[in-house]
Amino acid sequence: MLEKQRAEIDAIDREIVALFERRMQVVVEVAQIKKENGMAILDANREKEVIQKVQSYLQDATLKEELAEAYETLMKVSKGYQRKQLEQSR
């Protein structure tokens, strides 16, 4: 009954995972640059900009809140990973 939709979700999830890994690789680079320049991990203004920017990419504006929530979580994970990388490089 739901096999087709579940297969499509599985395919989308594989793409999301690959993009997540790419994003986290760049997060490591960002963490290193921040460390070298004495910058804080949190940049609240940048986070607001990112959310507004990704919301502008939506074709379905009714998903704005859900996308913001997803990105808030993604950025929280990214900050945690940056901290972890910085601690390991000490």
Side-chain angles (χ1 to χ4, degrees):
M1 181 168 39
L2 295 173
E3 292 81 14
K4 180 183 174 191
Q5 290 78 12
R6 288 180 175 161
E8 188 170 356
I9 287 173
D10 287 346
I12 293 166
D13 285 345
R14 280 190 291 278
E15 291 179 46
I16 290 171
V17 168
L19 292 171
F20 176 77
E21 287 179 323
R22 267 183 57 199
R23 191 180 202 285
M24 296 310 275
Q25 289 168 351
V26 175
V27 163
V28 171
E29 296 171 17
V30 168
Q32 190 59 41
I33 292 168
K34 286 180 176 181
K35 179 182 179 184
E36 291 169 0
N37 292 283
M39 299 168 70
I41 290 174
L42 173 63
D43 183 345
N45 288 330
R46 170 70 180 151
E47 289 187 10
K48 288 177 188 172
E49 289 172 7
V50 169
I51 290 172
Q52 290 174 347
K53 187 185 334 174
V54 297
Q55 285 176 326
S56 76
Y57 302 154
L58 282 170
Q59 292 180 10
D60 181 352
T62 66
L63 296 170
K64 279 182 115 170
E65 288 181 32
E66 290 77 8
L67 185 64
E69 184 177 344
Y71 264 82
E72 287 165 0
T73 300
L74 181 58
M75 289 186 288
K76 179 182 175 185
V77 169
S78 295
K79 289 181 290 196
Y81 194 61
Q82 283 184 41
R83 284 187 193 93
K84 183 177 173 182
Q85 294 302 308
L86 292 176
E87 288 171 5
Q88 290 178 354
S89 68
R90 286 183 186 178

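These numbers were taken from a predicted model, which means no experiment stands behind them. Note: hydrogens, waters and symmetry copies are ignored here, and every other heavy atom, side chains too, is used.
Applying the salt bridge (charged side-chain N to carboxylate O under 4.0 Å, His left out) test to pairs two or more places apart or on separate chains, those with a residue in residues 37-63 are Glu47-Lys79.
Listed here is the closest heavy atom pair of Asn37 and Ile33: ND2-O, 2.8 Å.
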### Message
Quick one, Gln32 with Glu36, criterion side-chain hydrogen bond (donor to acceptor under 3.5 Å, both in side chains). Give me CA distance, side-chain angles, the key distance, then yes/no.
### Response
CA-CA 6 Å; Gln32 190 59 41; Glu36 291 169 0; 3.3 Å; yes

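A donor-acceptor pair under 3.5 Å links the side-chain atoms of Lys34 to the main chain of Ile41, judged by distance alone.
Atom CD of Glu65 has 12 or fewer neighbouring heavy atoms from other residues, nucleotides or ligands inside a 6.0 Å radius. Within 6.0 Å of the NZ atom in Lys64, the count of heavy atoms belonging to other residues, nucleotides or ligands does not exceed 12. By the 6.0 Å contact criterion, CD on Glu66 is enclosed, its count of non-hydrogen atoms from other residues, nucleotides or ligands being greater than 12.
The CG atom of Asp10 sits 11.5 Å away from the CD atom of Gln5 when rounded to the nearest 0.5 Å. Interatomic distance, Leu86 CG to Gln88 CD, rounded to the nearest 0.5 Å: 9.5 Å.
Other members of the hydrophobic cluster containing Val50, listed by chain and number, are Phe20, Met24, Val27, Val28, Ile51, Val54, Tyr57, Leu58, Leu63, Leu67, Tyr71, Leu74, Met75, Val77, Tyr81; membership follows side-chain contacts under 4.5 Å among ILVMFWY residues, whether direct or relayed.
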